[in-house]
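Within every chain, numbering begins at 1; the chains are lettered A, B, ... in the order of the sequence lines, protein sequences first and strands thereafter.
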Amino acid sequence: MSESNGAMIEMIKVSKIYQPDIRALSDVSVSIAQGEMFFLIGMSGAGKTTFLKLLCNMETPTNGLIEIAGRDIQKLRGKTLARMRQKIGVAYQDFKLLTDRTVAENIAISMEVSYKKPQHIKKRVRDLLDRLALADKHDAITGELSRGEQQRVALARAVANSPTLILVDEPTGNLDATTTRRVMDLLTKCNHSGATVIIATHDDSIYRDTQHRIMELRSGKLHLIREGLPQ
Amino acid sequence: MSESNGAMIEMIKVSKIYQPDIRALSDVSVSIAQGEMFFLIGMSGAGKTTFLKLLCNMETPTNGLIEIAGRDIQKLRGKTLARMRQKIGVAYQDFKLLTDRTVAENIAISMEVSYKKPQHIKKRVRDLLDRLALADKHDAITGELSRGEQQRVALARAVANSPTLILVDEPTGNLDATTTRRVMDLLTKCNHSGATVIIATHDDSIYRDTQHRIMELRSGKLHLIREGLPQ
Amino acid sequence: MSFWLAVLRQVARNLRQTWPSQFMTLLTVSLSVLIFAFFYLVYMNMLGVGDKLGDDLRLIVYLEEEPGPEMQEQLRRKILAFDEVEQIRFISKAEAYQRFADQLGNDRDVLDDMPRDFLPASIEVVPLKNLRSLSQVKLFSDYLARLPGTLKVQYGQDWIERFYYFTRLLSIVVLLSGGLLIMTTVFMVSYTIRLTILGRQAELELLRLVGATNNYIRTPFLIEGVLQGILGSTVGIISLYTLFHWIKLRFSGPGILTIFEFSFFQGPTVATIIFISVLLCTVGSYLSMQKFLRI
Amino acid sequence: MSFWLAVLRQVARNLRQTWPSQFMTLLTVSLSVLIFAFFYLVYMNMLGVGDKLGDDLRLIVYLEEEPGPEMQEQLRRKILAFDEVEQIRFISKAEAYQRFADQLGNDRDVLDDMPRDFLPASIEVVPLKNLRSLSQVKLFSDYLARLPGTLKVQYGQDWIERFYYFTRLLSIVVLLSGGLLIMTTVFMVSYTIRLTILGRQAELELLRLVGATNNYIRTPFLIEGVLQGILGSTVGIISLYTLFHWIKLRFSGPGILTIFEFSFFQGPTVATIIFISVLLCTVGSYLSMQKFLRI
Ligand SMILES: Nc1ncnc2c1ncn2[C@@H]1O[C@H](COP(=O)(O)OP(=O)(O)OP(=O)(O)O)[C@@H](O)[C@H]1O
Ligand SMILES: Nc1ncnc2c1ncn2[C@@H]1O[C@H](COP(=O)(O)OP(=O)(O)OP(=O)(O)O)[C@@H](O)[C@H]1O
Ligand SMILES: [Mg+2]
Ligand SMILES: [Mg+2]
């Protein structure tokens, strides 16, 4: 099969137990192809965020194997790990923005660490802010934005460095329908230009009519993977 | 009219300008009756949170008059202000939970400040956690909960002290449909027992079929107030 | 008294949950009290040492002629015009001869052929035994040398003079070190308290938002301040006492104990030190907190 | 060299955005260097003062009989057996008489009738001019008194003895204060740095998450550490120098300058102090940071 060759993510029997005994994930196996868009759904507390944290190496699995682009991420250290992380863009559910910096600085940070040119950074930041209807917030202090604006800044930072893997955790929780559409357009565009996109969400409006795969977690267990509706 | 007599909130030509020149609200006038349930909608950045912050005295209006239960809240100071705040329960959009305390402690805090009895507090906390499907998280550290769980803890704290005015900012942004229903049930119950409830939200599933009034803000201006659909 | 119950519960919880930073503050307070009290103790004992060392200091003013009673009175007045002194004694030529003879002891027959008045008359002036007059001994001697009829003024050795300068220099050093240290201490304690409160800013803000009265928020901090002041200063003073005993033991050779007599603080001084620490801690937390309560 | 560009941009931004806490750290470092260097300076000068004061210290050993050359050699060996000394001089009865006569000056005719050998022969021992031998002067004198043929040992006044005890006590006080202070300083600097880094924990964590290499995160902090070390210690030393001059001016009466000669640090000492501060600041930030980088 050509899929195993082009797999971006390979997860085999992965479990995660938080101290002392909270089973956040049990025996999840899934394979996600390069360039795929993938939805992750489930009730609050089902383990979606834990799933994403394992992928970006923020948490280590208690059991099981996780491979990204063919490499066991638990074995990565130092520079290799840093370079891998530069290729993964994550929009965290709690944003993790630097609240005392400007919006532009927050977005630029993910490009600065891979030594992009200042002119390039500036252009990219403006472009992203335009797309997300935040053009007038370029120099605003991030902590003073409304919650929905912050959510979009977090998303912009995740995609800014054109990563090959984009993990998005509840990207539209604080957004109205119009803004949600803008966000989804941006993610679709990233996906079309080759990035693998994984979206954890509750908002059925964004996955209801999708032709992509949807995985549902139920209290840490893989409940079902639904193939997308045909276009 | 008896309504002006029973008005919980009276807002007259209220504006809020953030430094240096961000017009978050302009000339909003609205009157909300005692025991009403009231929805506040609008795009991200429209001014919903600002509206709620003005009501709970976290921000002061640049212009205009705000009366709660017949009293100008800008004139309140010291003990009177504290007592007024004990009667207002707020679920903040950014939760404002003490992340290093347990869930129970976080919920108890709003009752402790008005010197409720420990037994009463314990019972109320258990009851609320049951209602919000968090019974097993009683002693968990709040910072380690999933985002949706935190959101429910914030809501529980807001209603715990049986306030007469409940302000809820985006209560279901991180919640799935089932949990959303539990939250709305709790709020409805509070409303039935006499509390005035104001809900700022993007989630049209919770206000689509309501028989309550809905106010829409558009970039800080009152765009329309829709009377609820008849039951 | 639900207020006090609630407040005490708060204090207990805070101590349990934030003990690392509480411990830091405690350490800071102890260290500060230790340092401050140490310098105060050194300064106090130094004054005492100066006292002892000045014990046999006397200025001897040799006179051209034997002064009559009237002249003696006049000289006495002039001397007192400069400064109060412990004692003024006039020594006639005969007395001087007698003393010299006594000093020679068995060799006194050397003097047999000398006239009885070959030694000059003199005045012995014993200055007050405090550091101020000791430090002025040189000025005093210059003054005495300019009195009418003075041949020459002698006051022991150069040693005394040097020693006085040295003492004076030392007292400046001690005062300066003390000043520097107290500066550091105040800076440190206030910084630590400020940071402790900053770390709990979220909690303070939340308490305000859920309608806690200012007293409800403030009292636990003040109680913690009092506890920290008492504990911190007690620990500091006990450490100092231990240190003090160690030094005393090290110096308990028979030679020195006779010269230096170290003494520790009296009860009232200890009480004052503890009281001041408590006051500073409390006022410190009060002021740092005030900022957040006003928001 | 995009790495260095990025790092320098980071440093500039950090300095701009976190200057209040940077300033706090700077102040802490300056104060610490000031205090440390102050004590070191006092200690250094104190040793020098001991030196000066000991200048005319000599022990005079009066002998029963005039020693022959052989006996002299034996005595010299015995004296050196106790400790090295600066000088040993033998004074015969005749020399002693001559000296006494010179001292009497115009009154020398008093001695006309005395036998030329009525004064005893003696040995003059000048000890080494360092604090250690000064502090042992009493032991030394006891030792000399027990030599065969010794009549009596004299070494100036009680003053000297007292002064030595005093100097010894003082050096203990200075060392203890210094120790306490250095403790406080190390504690303070490390605490301040730790808190500064704690305040930027969110940033450090984010940088790691977006894939910054450890060097990228660490280097700006190290550069800030170096800058703070250099600036802080320079400010501290300049303040000390100002203070030093102020003291020197206050003590510039003709009387003392001849006794005490204060000296400031030499260039190499200053360089060492600055170097050590830089090292401490850098190592401090490095260690505090290491904790966060490992997460
Ligand atoms: N650091 C942690 N320590 C302990 N338990 C944790 C930790 N993080 C998450 N959990 C628990 O693990 C379970 C899964 O959490 P997770 O954050 O993955 O849920 P989620 O699907 O993202 O939920 P939500 O939709 O509410 O964000 C939850 O019950 C949560 O309380
Ligand atoms: N403290 C502040 N300083 C400056 N501007 C602010 C501040 N708070 C909010 N704003 C701005 O005011 C506008 C309204 O903000 P508000 O938080 O009320 O929006 P909102 O309707 O709650 O949006 P969301 O749905 O995204 O939460 C936004 O453009 C925001 O950037
Ligand atoms: Mg989640
Ligand atoms: Mg909002």
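- In this structure, C:F275 places its CZ atom where only 12 or fewer heavy-atom neighbours from other residues, nucleotides or ligands lie under 6.0 Å away.
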Legend entry - Chi angles and distances behind the side-chain contact (heavy atoms from CB on, under 4.5 Å) call for C:V210, B:K96: CA-CA 11 Å; C:V210 296; B:K96 295 199 194 298; over 6 Å; no
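- Residues of residues 106-137 of chain B lying within less than 4.5 angstrom of chain C, judged on heavy atoms, are B:I109, B:S110, B:E112, B:V113, B:Y115, B:P118 in numerical order.
- Residues of residues 191-202 of chain B lying under 4.5 angstrom from chain C, judged on non-hydrogen atoms, do not exist here.
- Partners of C:S277 by side-chain hydrogen bond (donor to acceptor under 3.5 Å, both in side chains), not counting sequence neighbours: none found.
- Distance check, rounded to the nearest 0.5 Å: CZ of C:R208 to CG of B:L81 gives 7.5 Å.
- Sequence neighbours left out, the pairs with a member in residues 60-74 of chain B that pass salt bridge (charged side-chain N to carboxylate O under 4.0 Å, His left out) are B:D72-B:K75.
- Both the backbone and the side chain of C:L209 come within contact range of chain B, with heavy atoms under 4.5 Å apart.
- Distance check, rounded to the nearest 0.5 Å: CG of C:N214 to NZ of B:K79 gives 10.0 Å.
- Closest non-hydrogen pair, B:A82 versus C:T213, comes out as CB-CG2, 3.9 Å.
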